[in-house]
Amino acid sequence: MDTFETVEVLLDVPLHGTFTYLAPHALPAGTRVQVDFRGRKQCGVLVDGVANPALDPAKIKPLAAIFDELPPLPAALLRLIDFVSAYYHYPKGAALFTALPTALRVAQAARLADRRAWALSAAGLADQPPARQRARLALWQALQDGPQTIHDLRAVSAQAPKVLGQWLEEGKAERAEPPSPELEVADGPPLNAEQQAALAAISDSFGRFQPWLLQGVTGSGKTEVYLHLIACALAAGRQVLVLVPEISLTPQLLQRFADRFPVTPIAALHSSLADGERLQGWVDAWQGRAGIVIGTRLSVFVPLPRLGLIVVDEEHDGSLKQQDGLRYHARDLAVWRAHDAAVPIVLGSATPSLETVANVEAGRYRRLLLTTRAHAAASLPQVRLVDTRLLRLNEGLSEPVLAALAKRLQKREMSLVFINRRGYSPVIACPQCGWTSGCKRCSSKLVLHLLQRVLRCHHCGWEEGVPRVCPDCGNVDIQPLGEGTQRLESAIQRLFPEARVLRIDRDSTRNKDAWDEVYRKVHAGEVDILIGTQMLAKGHDFGALSLVVVLGADGGLYSADFRAGERLFSLLMQVAGRAGRAEHRGEVLVQTQWPEHPLYLSLVAQDFDGFATRELAARREAHFPPAIFQALLRADAHEAHEAEAFLGQFKAEAAPWLGEVALFGPAPATMARLAGRERMQLVFECADRRALHRCLNQALPLLERLGRKAGRSLRWSLDVDPTEM
DNA sequence: AGCACGCCGACT
DNA sequence: GTCGGCGTGCTC
């Protein structure tokens, strides 16, 4: 049978290249198949390519099955995967399978609800049922108006499924795409002049690639601009992709979209969806049925045949970067997609990433500013620094902070005390011998959780009992050091016995019921003082807060991580934005030992641009991103010397062809020990992105060779444009 | 990634 | 004499 031909198949294996199989006839790229691979059934996807001529023809097996319940994956997705694989230096098969929903990653046909509608064929139209067949006649008449869903037809007659099945067999009925509902857009609040200007500028760029930075503080109405833009895109028959941080994909946000577009199908892709539901949303988007896709970083891969606009909300947010496996940045891929599809993309943020700021400066992105809070109090909160060097602290709280809390309590207004550290205290220590509660598996301290009476590692999850005496010297007087949310909660409760105090962190809102209860209490006005971590700062709306107190922020000022300042500023701006959304101007108090630090001065002035200009200059001076480009080669093993040897050998062998690329390391990672593994890293730096990628292209075969040669305990990974070092 | 093949220690 | 340790290498 020489009519068989070979096809190239991508598999979910961490190997570069494709595998060759025999197909009974020509099949298009994107076809999902089942193959026999190493004696196991595996799912594969066909791509363009030619068989390796050196391959022994006797080894080529036939395809085990061809899945045709869905059309082949679209060319735009395969193009994106080509780019992702090349840019992140990640095997193409593994990259593709990361992008697919779980239900399409397995060697099984996808099980989907049939959402196609029913229509009459020409033969059916010509064959009007007699009047005595009342159900048939009613269905026939209903179908005169065009395709109908089975749901609507069942309302005409309960026998609809049976009759239509019969008509289908007789060739009188056929399946059709359901009629798309007319666009309906509910009214929103009126736009102010800045919002209107942004809307006009962006909608003017429909139909071509143009990245926009929509920069506006909390409450300036970015979402309202998105909603108007989405309405424009939908009206033009286009689909819209909306990417949001994990933490802001809440029922409240989805409801806001659903309320505005009551009949538009919206595919919401969040992490708690079952495989089947995620598949359904993915396919609805792919088949053009969903008008809007809203989801977290993984949604950047969802195929959209009529894509007209991309929105990336909170584009600076760290959750848009995947930190394991395929380490992609969804914002960057979204920009690539917008370019590929020739559509505009809107990056929204109050505190854009410095990468984006640099792109604006270079003229690649265009910036639109929203400077006024769109509704209610048209003023920004007043931010004040409380210099703790000169003050006695009571349970970690200064006199001005206590006074401010007491004042709100008296006025029955809600306050928020923000401390970015959960648990009771971040470490316990022995004042006699200097022992501290270190994690045995990580280079971190165990955090005291008093309620559960455990010491817990926030990095690897390790838990152990709280020792009564110092394990090293037997001293009975070991003490908690520093503040966490739990300790702050009991301190505040002690200082304000009459206050209704509520703590919100990952520990107190572990399950959904607890979270709903928190939400209900806050909105029912049953809370006077909220205590929480960054869970409280981002995404969730807690209504009217008249006072926000920030504790323990100084740690971000002088960190080894050059991005710590950027993250701190962004977080503090968001926390500050929680104050004064109601009719009163809010107040923000930041307790600090560094009240003259320029970061805080910019915060007091609510001046992101001033902060960004200074920070960007410092990055250029110090040769840090975005002034240069980085890649990070990580290696971990049971013993540090294994990881170091691997990186050292790579560096030695790579030296001759590094060119203008500089290598730094090997050095221990920030968390030198994590979950019992020793971690080392090597940093690639280059002012020229292309030169860096040429270097990485050369590096990869060497890495794979050295990786195979090293012991099985060694693992390595490459992180292009790393955001965490 | 898996998984088999392959060559050296403590056990029925 | 075998069970099994994980080093090495391949997967169409």
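Here is the naming used below: chain letters follow the sequence lines, and residue numbers restart at 1 for every chain. Computed from a predicted model, the values in this text were never measured in an experiment.
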Exercise. Side-chain contact test, heavy atoms from C-beta onward, threshold under 4.5 Å: evaluate it for A:Glu685 versus A:Phe664 and give yes or no.
Key: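 A:Glu685 reaches A:Phe664 side chain to side chain.
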Quiz prompt | A:Phe37 and A:Tyr21 aromatic centres sub-6.0 Å | solution =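 No - the distance between ring centres of A:Phe37 and A:Tyr21 does not fall below the 6.0 Å cut-off.
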Quiz item: So, do A:Phe624 and A:Phe562 have ring centers that fall under 6.0 Å from each other?
Solution: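 Aromatic pair counts; centres sit under 6.0 Å.
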Practice problem: Compute whether any side-chain donor of one residue and acceptor of the other, for A:Ser271 and A:Glu246, lie under 3.5 angstrom apart. | Solution: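 A:Glu246 and A:Ser271 do not have a side-chain donor-acceptor pair below 3.5 Å.
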Given atom [atom1] of [X] and atom [atom2] of [N], what is their separation to the nearest angstrom?
| X | N | atom1 | atom2 | result |
| --- | --- | --- | --- | --- |
| A:Arg105 | B:dA1 | CZ | C1' | 14 Å |
| A:Asp324 | B:dA1 | CG | P | 13 Å |
| A:Phe19 | B:dG2 | CZ | C1' | 12 Å |
| A:Gln42 | B:dG2 | CD | P | 9 Å |

Look at all strands and tell whether [X] reaches a base, only sugar-phosphate, or nothing, counting heavy atoms closer than 4.0 Å.
| X | result |
| --- | --- |
| A:Phe37 | base |
| A:Leu15 | base |
| A:Asp12 | nothing |
| A:Leu55 | base |

Quiz item: How are the rings of A:Trp657 and A:Phe650 set to each other: parallel, tilted or perpendicular (split at 30° and 60°)?
Solution: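 Ring orientation of A:Trp657 relative to A:Phe650: perpendicular.
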Practice problem: Using atom types as modelled and distance alone, determine if a side-chain donor or acceptor of A:Glu653 lies under 3.5 Å from a backbone N or O of A:Leu702. | Solution: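 Side chain of A:Glu653 to backbone of A:Leu702, a donor-acceptor pair under 3.5 Å: no, none is there.
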Quiz prompt | For chain A, the stretch of DNA chain C it reaches, first to last nucleotide, under 4.0 Å of its heavy atoms | solution =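 Taking any atom under 4.0 Å from a heavy atom of chain A, the span is C:dC6 to C:dC12.
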